[in-house]
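Here is the structure we will look at, set down as structure tokens.
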Amino acid sequence: MIDVLYFAWVRERIGLPREQVETEAGTVAALVDELRGREERYALAFSDLSALRVAVDQDLTDFDASLEGVREVAFFPPMTGG
Amino acid sequence: MIDVLYFAWVRERIGLPREQVETEAGTVAALVDELRGREERYALAFSDLSALRVAVDQDLTDFDASLEGVREVAFFPPMTGG
Amino acid sequence: MRIVVQEHAFDPGAEVNAFAAGRSDMGAIVTFSGVVRDDPSNPLQEMMIEHYPGMTEKALEQIATEAQARWSLSDVLVIHRFGRLRPGEQIMMVATAARHRKDAFEAAEYLMDYLKSRAPFWKKEQAASGAGWVAARDEDEDALTRW
Amino acid sequence: MRIVVQEHAFDPGAEVNAFAAGRSDMGAIVTFSGVVRDDPSNPLQEMMIEHYPGMTEKALEQIATEAQARWSLSDVLVIHRFGRLRPGEQIMMVATAARHRKDAFEAAEYLMDYLKSRAPFWKKEQAASGAGWVAARDEDEDALTRW
């Protein structure tokens, strides 16, 4: 069971800020594939991965990252702080 | 008649902050030569021109600068503001 | 080092005075403040800043710690707001203190470059023409390559 | 643009707040403050700053005007003190405001580089070991070559 978090327009497109996901995906990319298959709103949110960033257990990483032992995955657009 | 001003250690060596000088020197360098000839304290203050800066009518310039029409000449060490 | 992530407004003048107070070991203090900018051609009603609680603090601490490792700094301050802000309000500030100005300036620029693109904040603007998420600028990402 | 040369102390926090107050046309504000630094190995009693009244204001205005010509700035502030200062006291500050942070940072660094070597101020330190004029540093002169 992994906590999956969504921020900014990813959150708006999917329609919720976080959810618990039962998955056996080994990587972030495999998790994205599972989510895409769920519903149209997920497919839309994940249609262009180059427009997305991912954090695993609150560290920025990339879509190849392993999910072994991971508790929290977050998807969001490029950050615009400052 | 030109107002000649001295700042920082130049002022301390010469022993006064400003004076009026009657001169026909055509350049700053010629004025420095006249001042050097006056007394030991002037010779000392002007012994190393590379350690000095000069402003003519409140604009930084160099020792070749003309004194034509000039009202104020100032001598001082490199500046240390900020 | 002090890292603050908060919803309510802060007083940048009071913060910089507190940052400098009672210290004579540093000769140079640099601050950067980010302000919500209005656009007269498309008036801004408000800016909503979303962030990732937990990761935000962690990311800012990593960035500030890296700045302290790279430059000789006496102290670092980072304050960043989230929530609703109006035009002219202060979004965030960083402050750096060092013996020499070069360290203070470079560290402040480094903090800002990383904070822009590596701290999990997102801005949504509600303007006269409608609402929209602020897009990341390529030049902000490119700015990281200089460090 | 505001240029102030004064003997008495100023409040840098109040100055930066006043500089930013009521404006929403600028997104970025950078400040630099110079503080009288003490040296624990040779405690400083006081710093005496001498300047050239008339030329000082003229030089600072020229430097600030040049910064406004080189960068897109909403505003510039320069405050510099003269007279007797104690360790920990603020010597001077500059502030720059711009739409984008790059302009604000570069202009503030430019102001500081020129102010250090081209504005007629001289510092004399009275320390435990005796009194002496602060020597100009070669690296301050060298810093001008980058502009």
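Only the side chain of C/Gln90 comes within less than 4.5 Å of a heavy atom of chain D; its backbone N, CA, C and O stay farther away. Residue contact with chain D, scored on non-hydrogen atoms closer than 4.5 Å, involves the backbone and the side chain of C/Arg99 alike. D/Ala108 touches chain C through backbone and side chain together, each having a heavy atom under 4.5 Å away.
Applying a 4.5 Å heavy-atom cutoff, the residues of residues 134-147 of chain C that approach chain D are C/Arg137, C/Asp140, C/Ala143. The contact list for residues 26-42 of chain C toward chain D, using heavy atoms and a distance under 4.5 Å, reads C/Met26, C/Gly27, C/Ala28, C/Ile29, C/Val30, C/Thr31, C/Phe32, C/Ser33, C/Gly34, C/Val35, C/Val36, C/Arg37, C/Asp38 by residue number.
At a threshold of 4.5 Å between non-hydrogen side-chain atoms, the residues D/Lys102 and C/Met112 do not count as touching.
Highest contact tally toward chain D, considering only C/Ala18, C/Ala95, C/Gly13, is held by C/Gly13 [criterion: heavy-atom pairs under 4.5 Å]. Of the listed residues (C/Pro12, C/Pro87, C/Ala21), the greatest number of heavy-atom pairs within a distance under 4.5 Å of chain D belongs to C/Pro12. Per-residue heavy-atom pair counts under 4.5 Å with chain C were compared for D/Asn17, D/Thr96, D/Asp25, D/Asp113, and the maximum is reached by D/Asn17.
Dense packing is recorded around CZ of C/Arg70, with more than 12 heavy atoms of other residues, nucleotides or ligands lying under 6.0 Å away.
C/Gly88 approaches D/Ser24 most closely through the heavy-atom pair N-CB, 3.6 Å.
D/Arg101 contributes atom CZ, which lies 5.5 Å from atom NZ of C/Lys116 (distance to the nearest 0.5 angstrom).
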